Number of protein chains: 2
Amino acid sequence: MLQLYFFPMACSLASRIALMEAGIEARYHLVNIWTKKVIEDGGDFCEISSKGAVPVLQLANGERLTESAAVLQYIADLKPEAGLAPPPGHLDRCRLQEWLSFTGSEIHKAFLFPTFWYKDDASKAAARERIGKSVSIAADHLANRDYLVGDRFTVADAHLAWALLLFRRAGVEVSNWPSLVEYLARIQTRPQVKAAIETEMALRKTMAV
Amino acid sequence: MLQLYFFPMACSLASRIALMEAGIEARYHLVNIWTKKVIEDGGDFCEISSKGAVPVLQLANGERLTESAAVLQYIADLKPEAGLAPPPGHLDRCRLQEWLSFTGSEIHKAFLFPTFWYKDDASKAAARERIGKSVSIAADHLANRDYLVGDRFTVADAHLAWALLLFRRAGVEVSNWPSLVEYLARIQTRPQVKAAIETEMALRKTMAV
């Protein structure tokens with residue numbers, strides 16, 4: 001059985017959504033991302049992955065895969081019939097990879113990460129200032145379409161929707177981009193997305209700040 | 001014919017290396033990344049891609065693809081016989097995606113980008129402080145292997161080698177990680193890699209700082 005190491009409402013939420021949307025049963029291991037402990041047994045999370053970051057997906061063969069872009073495509077390809085990623089070889093698969101990269105690098109790491117990392121206001125402000133342009137690219141793309149790639153929900157949507165959910169905590173109002181407000185609402189009407197978020201929100205409250 | 005929009009020694013270098021390693025002829029458009037002008041005709045680069053960032057690969061059908069992770073896999077899949085990416089469906093393809101994501105997000109955007117963005121020393125230092133851990137993960141992985149994925153050069157190596165070349169300009173000494181010094185030397189013995197770097201280094205000198 002697949003095993004997902006996660007921290008509630010961190011980017012591993014996208015992997016949980018992908019697993020649930022694909023109908024794939026998995027074991028979920030709660031990790032305290034600050035102390036780097038696996039909650040259930042107090043084990044050292046850095047022994048699970050030297051990166052010390054979620055998501056980590058343990059495969060059926062025992063190997064462990066990291067990085068949302070890789071984990072999300074792996075999950076999607078386990079259940080092609082769920083349509084969570086266009087098939088390899090299709091140009092839309094390249095578009096999926098393009099959005100996974102953009103969300104992971106331009107939104108998550110170039111913006112959200114610095115905003116949480118940096119302690120001083122000037123650095124936080126510099127990160128926030130840059131977000132407008134990146135977010136507008138996604139907002140413009142979604143102005144006339146329901147999903148990032150093709151005409152259906154994919155793992156790229158799970159990834160971006162997670163990032164948008166974090167914006168408020170990072171001091172950015174999604175309401176500045178009406179198409180993203182609609183998009184986020186649309187994604188959150190999906191029963192599996194809703195259930196995944198509810199599960200992680202409840203768990204998040206059990207963790208110290 | 002494929003067309004690559006690039007800025008010399010920026011991350012688009014990895015795409016040039018991939019094209020040359022694959023033996024794919026392409027047209028190269030030099031972009032001034034600061035003024036957002038396409039040099040040959042003074043055109044507005046933001047009309048080519050609203051992201052205003054390189055690489056942009058214009059495909060044979062006229063569509064344009066962005067983001068190194070997507071562009072590099074696209075190029076590799078055009079010439080599977082060059083072995084620049086493991087085939088889709090192979091676990092090593094997931095590993096390739098894992099490294100493309102890690103280099104793009106943890107090294108390029110979480111480190112190199114902030115180091116060049118931020119004007120104040122404290123922010124630059126904070127970005128540099130974080131790099132040790134990320135770089136060590138790559139260095140540990142390469143301690144006993146020649147390439148990032150499998151036993152041959154892939155586009156993931158083109159991507160990481162580019163990032164390592166930029167370290168000195170960002171104030172980080174690769175010499176702190178002996179396995180990376182050896183790796184970078186190994187990658188640079190490849191004739192196409194060498195030619196790509198020489199071409200872009202020469203062009204880089206023609207651009208104002």
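Scope of the values below: all heavy atoms of this structure, side chains included, with no hydrogens, waters or symmetry mates. A note on names: the letters A, B, ... follow the listed sequences, proteins ahead of strands, and every chain is numbered from 1. This one's a predicted model, so the numbers in the text were calculated from it and none came from an experiment.
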Checking Phe102(A) now: which residues fulfil ring pair (Phe, Tyr, Trp, His ring centres under 6.0 Å) with it, not counting sequence neighbours?
Trp99(A)

Measuring heavy-atom distances to chain A, does Leu59(B) have an atom under 4.5 Å in its side chain, in its backbone, in both, or in neither?
side chain

Would you mind checking which part of Ile137(B) comes under 4.5 Å of any heavy atom in chain A, side chain (CB onward), backbone (N, CA, C, O), both or neither?
side chain

Is any side-chain heavy atom of Ser105(A) closer than 4.5 Å to one of His108(B)?
no

Side chain from CB out, backbone as N, CA, C, O: work out which of these in Asn61(B) comes under 4.5 Å of a heavy atom of chain A, or both, or neither.
side chain

To check you understand the geometry: which heavy-atom pair defines the closest contact between Cys94(B) and Tyr74(A), and what is its length?
SG-CD1, 3.6 Å

Cut-off 4.5 Å, heavy atoms of chain A, and the answer for Leu96(B) is neither

Counting only non-hydrogen atoms closer than 4.5 Å, does Lys133(B) touch chain A with its backbone (N, CA, C, O), its side chain (CB onward), both, or neither?
side chain

Okay, side chain of Arg93(A), backbone of Pro86(A): is any donor-acceptor separation there less than 3.5 Å?
yes

Side chain of Lys79(A), backbone of Ala76(A): donor and acceptor closer than 3.5 Å?
no

Option passing side chain to side chain contact (heavy atoms under 4.5 Å, CB included) with Val54(A) (candidates Thr66(A), Val71(A), Ile33(A)):
Ile33(A)

Tell me, for Glu98(B) versus chain A, whether the close heavy atoms (under 4.5 Å) come from the side chain, the backbone, both or neither.
both

If you count heavy-atom pairs under 4.5 Å with chain A, which of Pro88(B), Ser134(B), Ser101(B) comes out on top?
Ser101(B)

